[in-house]
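Heads up, the thing below is written out as C-alpha cells.
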Amino acid sequence: MVSRRDIATAIGAAAVGIAAAGIVSPAAAQAPAAGGETAFERIRRTKKLRIGAVAGAAPYYNKDIVTGQWGGFYIDLSKALAEELEVELEILETTWGNSVLDLQANKIDIFFGLNPTPKRALVVDFSVPVFNNAFTMITKKGLGKKTWDDFNNPALKITVDAGSSQDQVATRLCSKAQISRFKSVDDAAAAIMTGRADAQCIVMMLSLTMLKKNPALGELVVPTPVFATTSNAGFRREADQTWPKYVNTWLEFNRGLGLIRSVIIKNMESVGVTEADMPAGVQL
C-alpha cells in the first residue's frame, strides 16, 4: 500500500520535465555576478527582465513557428511581472533540462516551471508555489485501475518521459510495474496508442491537453491517494534575497486578485481544455 512516506519521498524527487543531471556545484551557483550587481539591481538598471521559455510546451510555453511570437500562461505571467516592474521582457529559448544551468550562468533572471527538490535547492532558490499539478495516468480504455496500489502491478506496463517528475513518481510508487522510459512525452504516449503499454504517468496539465487533442489516446485517471507537485519559479542563488522576496510578494498579491488562476484557465482554454474538464477534487 502507498504510504505517506512514499508520497513524501516521491514529491521530494519529482521535477517537472527536468532531470537533475544539469546542475553544477553549490559553490559555482553562488559565484557573484559581474561587478557584484544583484539580479534586482540589474533589472532596475537595465529596465529588462530576462526569462527562459521552452518551445512546444503548451500550455506552459508555446512559440509560434511562423511568427516567432511566444504564448502560454508562464509567458502571460512574465509579461504581467515585467509590466509591474515597468521593464521590457526578454525571452531566452531554453529547455527544461538547461533552465537551471541558465539561471546559474546568469543568462536569465527567473524561470517559471521548476519543481523544488532538495538537489536543486543546493544551487538555486525557489519562489512560493505558483500552482499545484496533480499526477495522473492516461490509461488504455477499460483498464479499470484507480489507485496507486492498483498501478503497482507486475502485469502492467507504464510509460514515462525519462528524467521527468512522472518518471520519479512512477519509479517510486509503481516499482513493481514494468516501467518504460522514453525521450519525450509524445513518445511515451505513442506506446499507449500502439498497444505496447497500459498507462502513461503524466502531470494533469499535460494529460488534459493531450486527451483534448486526441480523445482516442485513452482515459484519464487520477490515482488515489491524490497528490501533486508544485510548480514554482527558480532564481539564481544570491546572498541578497530582494529579488525572490519581491517575486513572492507579487505572486501572493496576484493570487489573491485571481490573476494567476485566470491566466492558467485562459491558456488551458486556448488548447481546448475548460475548467469543467478538470477532475473533481483536484485543485490548481
Side-chain angles (χ1 to χ4, degrees), residues 8-44 46 48-55 57 60-61 74-75 77-78 81 85 89-133 135 160-169 171-172 181 203 228-252:
T9 302
I11 291 174
V16 179
I18 304 170
I23 297 175
V24 301
S25 70
Q30 298 181 64
E37 189 176 44
T38 69
F40 193 74
E41 289 170 343
R42 194 209 61 78
I43 293 167
R44 302 298 280 176
T46 63
K48 293 181 180 179
L49 172 62
R50 306 169 302 171
I51 70 164
V54 180
Y60 304 105
Y61 299 100
Y74 275 141
I75 295 295
L77 280 183
S78 298
L81 177 58
L85 288 163
L89 182 66
E90 285 191 349
I91 301 173
L92 171 71
E93 186 169 337
T94 186
T95 65
W96 297 117
N98 287 336
S99 59
V100 170
L101 293 174
D102 289 337
L103 286 169
Q104 292 176 292
N106 199 24
K107 293 181 180 179
I108 55 178
D109 303 307
I110 190 170
F111 182 79
F112 284 104
L114 282 181
N115 168 249
T117 66
K119 188 168 290 186
R120 286 201 193 94
L122 291 172
V123 294
V124 295
D125 291 327
F126 296 96
S127 72
V128 296
V130 179
F131 71 96
N132 295 318
N133 205 359
F135 287 97
V160 295
D161 47 312
S164 66
S165 57
Q166 37 267 11
D167 185 354
Q168 301 291 334
V169 167
T171 299
R172 178 67 182 181
R181 294 170 177 83
V203 289
T229 185
T230 60
S231 187
N232 304 54
F235 310 96
R236 184 174 178 273
R237 174 67 48 78
E238 294 181 321
D240 184 282
Q241 290 290 294
T242 302
W243 177 225
K245 287 180 179 178
Y246 178 85
V247 173
N248 285 344
T249 299
W250 183 84
L251 286 170
E252 296 286 12

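In this text, all values refer to a predicted model and were calculated from it rather than measured experimentally. Numbers here simply count residues along the sequence, with the first being 1.
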### Message
Please determine whether a side-chain nitrogen of the Lys or Arg among Arg42 and Glu37 lies less than 4.0 Å from a carboxylate oxygen of the Asp or Glu.
### Response
no
### Task
Go through Ile91 and Leu89 one step at a time and tell me if the side chain to side chain contact (heavy atoms under 4.5 Å, CB included) criterion holds.
CA-CA 7 Å; Ile91 301 173; Leu89 182 66; 4.2 Å; yes
Measure the [atom1]-[atom2] distance between [X] and [Y] for me, rounded to the nearest 0.5 Å.
| X | Y | atom1 | atom2 | result |
| --- | --- | --- | --- | --- |
| Glu93 | Asp102 | CD | CG | 11.0 Å |
| Asn232 | Ile110 | CG | CD1 | 10.5 Å |
| Thr94 | Ile108 | OG1 | CD1 | 6.0 Å |
| Leu103 | Asn98 | CG | CG | 11.0 Å |
| Tyr74 | Phe131 | OH | CZ | 4.5 Å |
| Leu77 | Ile75 | CG | CD1 | 9.5 Å |

### Task
Tell me, please, which residues at least two apart from Thr242 pass side-chain hydrogen bond (donor to acceptor under 3.5 Å, both in side chains).
Asp240
For [X] versus [Y], what's the shortest heavy-atom pair and its separation?
| X | Y | value |
| --- | --- | --- |
| Asp109 | Phe235 | O-CD2, 4.0 Å |
| Thr230 | Pro116 | OG1-CD, 3.6 Å |
| Ala53 | Tyr61 | CB-CD2, 3.5 Å |
| Ser99 | Leu114 | OG-CD2, 3.8 Å |
| Lys107 | Leu92 | CB-CD2, 4.0 Å |
| Ser231 | Gly113 | OG-CA, 3.5 Å |

### Task
Start with the C-alpha distance between Phe135 and Thr229, add both sets of side-chain angles, then the distance that settles side chain to side chain contact (heavy atoms under 4.5 Å, CB included), and finish with yes or no.
CA-CA 8 Å; Phe135 287 97; Thr229 185; 3.7 Å; yes
Measuring only between side-chain heavy atoms, which start at C-beta, is [X] closer than 4.5 Å to [Y]?
| X | Y | result |
| --- | --- | --- |
| Leu49 | Leu81 | yes |
| Arg181 | Asp161 | no |
| Lys48 | Ile43 | no |
| Gln104 | Val123 | yes |

Check: [Y] main-chain N/O paired with [X] side-chain donor or acceptor under 3.5 Å:
| X | Y | answer |
| --- | --- | --- |
| Arg237 | Val124 | yes |
| Arg236 | Asp125 | no |
| Glu41 | Thr38 | yes |

### Task
Only counting residues at least two apart or in another chain, list the ones meeting ring pair (Phe, Tyr, Trp, His ring centres under 6.0 Å) with Phe40.
Tyr246
